[in-house]
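Shown next, in C-alpha cells, is the structure this report addresses.
Chain letters run A, B, ... following the sequence lines, proteins first and then strands; every chain starts at 1.
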Amino acid sequence: MRIDWALLAISPPGWGGLLLRGLVTTLEIAVGGYLLGLLIGIGGAFGKLYGGAVSRDLLECYTTIVRAVPELVLIVLIYYAGTDLLNRVMAALGYAAVNINGLAAGILVIGVVQGAYSTEVLRGAIRAVPYGEIEAARAFGMPSALALRRITLPAMIPHAISGLANLWMIATKDTALLAVVGFTELTMATREAGGATKAYFLFFCAAGMLYLLVTLISNQVFNAIERRARRGMPKV
Amino acid sequence: MTTEALETKPGMTRLVEPAHGDAIGAWLRPHRVVLVLIAAGLILLMVLSMRWDWLPRYAGQLCLGLWRTIWLLVASVALGFCFAVPLGLVQVTGPRLLAWPARGFCTLIRGTPLLLQLWLLYFGVGSLFPQFPAIRDSVFWPYLREAWPYGLLSLTLSFAGYEGEVMRGAFAGVPRGELEAAHAFGMSRFTALRRIWLPRAFYRVLPTLGGEVILQLKSTPLVATITVVDIYGVISHVRQDTYLVYAPLLFLAFVYMGLTGILVMLVRFLEKRIPIPGA
C-alpha cells in the first residue's frame, strides 16, 4: 500500500485546494456563529440576571431545550424546518420563495446553539463580578449601558475567558455537523475528495491535522488573551 | 436525636430537597401558569395540525432505533470509562513513555470533530481492511463488514479521550496526604489505587460525569451517517418516505429531551448516594 502524496497538491490535479477552501468556509461559519452566539449570550445572560420573571422563564426554556437536544438534530431542524417556515412566511406576505444562502443558514444554526451555552458561561462570569463595583458605577451616575460597557463586561472577562475558549473549540467542531445537511465545509470537502479518489484514509488524516492545527493555534491565542485579562489579578 | 444530628451535618445541607409546597407554589405564580398554558396550547396545535399517521406504522422501527441509541450510549460510556481510567492515571503518575502518548491521544480526540473521526474509521480504515487477506479470512470479518462496530469504536474512543482528561484532573486532585497515609499503613501501590485513589477520584468526577454522559447521548445520532439505524436514522427514513418537514424532527427532539431528562434524574439519584458529600 503506497501513499500518493500528490493527491494533496494545492493545484487542481491534487485536492489540497478544495480542502483549504473547506477550511476557510469552516472558519467563516465558526467565527460568525461564535460571534452571533456571544451576542445572544450577552443578551441572554443579562436577561436571566436582571430581566423580568417572564423573560427569565423563557430564557431558561431556551437554554434547557438547546442543551438537551443533540446539535445534529437542532441543525437539521433549523436548516430544513427553519427555511421552510421562512418561505411560508414570505409566501403569506406575498413575496417569492427565497433560496437561503448555505453560509448564512450555517452561521444562524451554530449561533443559536452557541448562544445557549454562552448564556450560561456569561451568566456565571457576570455573577462573579463583585456587586460593589457595579454599585460604584451607579453611584457615579453611569447609565446602565455605560456601566455595562465600562465596568461589567471588562470585569467579567477574566472569569469568562476559559469557558469562552471552550465554546470556540466546540464551535469549530460543530461546523463539521453541517456536512450532514450537505454543506461543503472541511469535513464534507474531505469526504468528496475521498469519494472521488478512494484515498479516504489520507484525506481524513489531512483534514484531522487541519482541525488540530486550528485547535492548537486557538489554544495559544486564548492563553495569551487570558494572561492579558488576568494581569494584576492574584494567581490561581 | 442521633438521626436528626446526622441530617443536620453541615456538609449535608446541599442535598436537602426544597419542601414540596414551595415547588408547587413556584409553578402556581401567575406568569408561569400563563406560560404553561401557552406551551400546552402550542403542543396541542402541533398534535392537531400536523400529520402523525406515520407514527403507528413506524412504531416497531422506532422502538428498535431507540433501543440501539440506548445500547450504543451505555456500551460506549462503559467501555470508554474503562479506557479513561488508565489514560488519566498514566498522565499523572506513569513513565513519560506512556504519559506522552496518552496526552497526545486526548489532544487528538478533543481537537478534531467526532464526525471526522467516525468517517475516518468507517470510510478510511474500513476501506483499508479488504486489502489484507489475513483480515478477510479472520473470524472478525463478519463484524468488520458491518457499520455498528465502527460507530461503537469511535464513540468509545471519543468518550475515553474527553473523560481521560477529566480523570487526569481527578487523580491529580486527590489530596497527597491520603495517598501517603495509605502508604504508611503498608498498602501496596495497587491496593492504595484500588482502595483510596480510584474511589476518591471517582467521587470527584461523578458530577462532571453526568454532563459527559449527556454530551455522549447527543453524539450518538452521528452514527446514522454511517448507516447505523438508531432513532435518528429511523426518523431520517420517515422523512424520506413521507416528505414531512416538521412532525418527525419535532418528535425526535422530544425523544432526546426525554432521554436527557431521565439521565439528569439518574445522575441526581447517584450523586445523593455519594458517601462523602462535597468530595
Any [X] side-chain heavy atom under 4.5 Å of [Y] side chain:
X	Y	answer
B:F254	A:V69	no
B:R239	A:Y80	yes
B:L120	A:Y200	no
B:L115	A:V180	yes

Heavy-atom distances under 4.5 Å only: say whether A:C61 touches chain B with side chain, backbone, both or neither.
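For A:C61, neither part sits under 4.5 Å from chain B.
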
Please look at A:L216 and chain B and tell me whether the side chain, the backbone, both or neither of the residue comes under 4.5 angstrom of a heavy atom of that chain.
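Only the side chain of A:L216 comes within 4.5 Å of chain B.
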
Check [X] against [Y] and note the closest heavy-atom contact, atom names and distance.
X	Y	value
A:A179	B:W119	CB-CH2, 4.1 Å
B:T112	A:G208	CG2-O, 3.4 Å
A:D57	B:R32	OD2-NE, 2.6 Å
A:K173	B:G111	CD-C, 4.3 Å
A:L58	B:L35	CD2-CD2, 4.0 Å

For chain A, find which of B:L263, B:L222, B:T225 contributes the most heavy-atom pairs closer than 4.5 angstrom.
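Going by pairs under 4.5 Å, I would pick B:L222.
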
Would you mind telling me which of B:A39, B:S219, B:P221 has the largest number of heavy-atom pairs within less than 4.5 Å of chain A?
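Greatest number of close heavy-atom pairs with chain A: B:P221.
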
Quick one: pull up [atom1] in [X] and [atom2] in [Y] and give me the separation to the nearest 0.5 Å.
X	Y	atom1	atom2	value
A:I78	B:L249	CD1	CG	11.0 Å
B:Y246	A:L77	OH	CG	9.5 Å
A:L72	B:K218	CG	NZ	11.5 Å
A:T187	B:L118	OG1	CG	11.0 Å

Contacting moiety of B:L108, where chain A heavy atoms sit under 4.5 Å:
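Both backbone and side chain.
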
Side chain, backbone, both or neither: which part of B:F123 has a heavy atom under 4.5 Å from chain A?
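When you check distances to chain A, atoms from both the backbone and side chain of B:F123 fall under 4.5 Å.
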
Counting only heavy atoms not in B:W52 (residues, nucleotides, ligands), do more than 12 fall under 6.0 Å from its CH2?
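Atom CH2 in B:W52 is packed in, count exceeds 12.
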
Got more than 12 heavy atoms from elsewhere within 6.0 Å of CH2, B:W71?
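Yes - once you tally the heavy atoms of other residues, nucleotides and ligands closer than 6.0 Å, there are more than 12.
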
With chain B as the partner, which of A:M169, A:M209, A:E71 has the greatest number of non-hydrogen pairs under 4.5 Å?
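Ranked by heavy-atom pairs under 4.5 Å with chain B, first place is A:E71.
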
